Amino acid sequence: QWTDPMRAEVARRAVDPQRRNAAIATIRDEGALVTLALDAEHADIRMAAAERVRSVEGLRSIADRARILLGRGRKGGAPRT
């Protein structure tokens, strides 16, 4: 029996993109998907996981992190130079 944390690890570690996508497609726990979307090393993993997130809270977490990474989490919106 594969658990969602096991599937998330397969998604993180698999070399083959098809295997990564198959693992992500079978993850049922949205928290695991949000974690992958925020923390996975490869952009394709982050994108595939983010596409499966449906809750407002999960999507907000992803959007908030994106704003911070883009330097728009601060007042004024412009990144520091």
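As the structure is a computational prediction, the values presented were derived from the model and not from experiment.
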For residues 46-56, which side-chain N or O atoms pair as donor and acceptor with protein atoms under 3.5 Å away, sequence neighbours left out?
residue	atom	partner	partner atom	Å
R46	NH1	A40	O	2.9
R46	NH1	E41	O	3.0
R52	NH1	I24	O	2.6
R52	NH1	I27	O	2.8
R52	NH2	I27	O	3.2
R54	NH1	E51	O	2.8
R54	NH2	E51	O	3.3
S55	OG	E30	OE2	2.3
S55	OG	G58	N	2.9

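Going from atom CG of L69 over to atom CZ of R67 covers 11.5 Å, rounded to the nearest 0.5 Å.
The hydrophobic cluster containing M6 also includes W2, V10, under a criterion of side-chain heavy atoms closer than 4.5 Å among ILVMFWY residues, counted directly or through chains of members. Taking a 4.5 Å side-chain heavy-atom cut-off between Ile, Leu, Val, Met, Phe, Trp and Tyr, the cluster of V15 contains only that residue.
The main-chain N or O of D4 is never found under 3.5 Å from a side-chain atom of D29 such that the two would form a donor-acceptor pair. Formation of a donor-acceptor pair under 3.5 Å by the R19 side chain with backbone atoms of A14 is not found in this model.
Ion pairing between R12 and E9 holds under the 4.0 Å rule for side-chain N and carboxylate O. Ion pairing between R65 and D39 holds under the 4.0 Å rule for side-chain N and carboxylate O.
The shortest heavy-atom contact between L38 and S61 is CD2-O, 3.9 Å.
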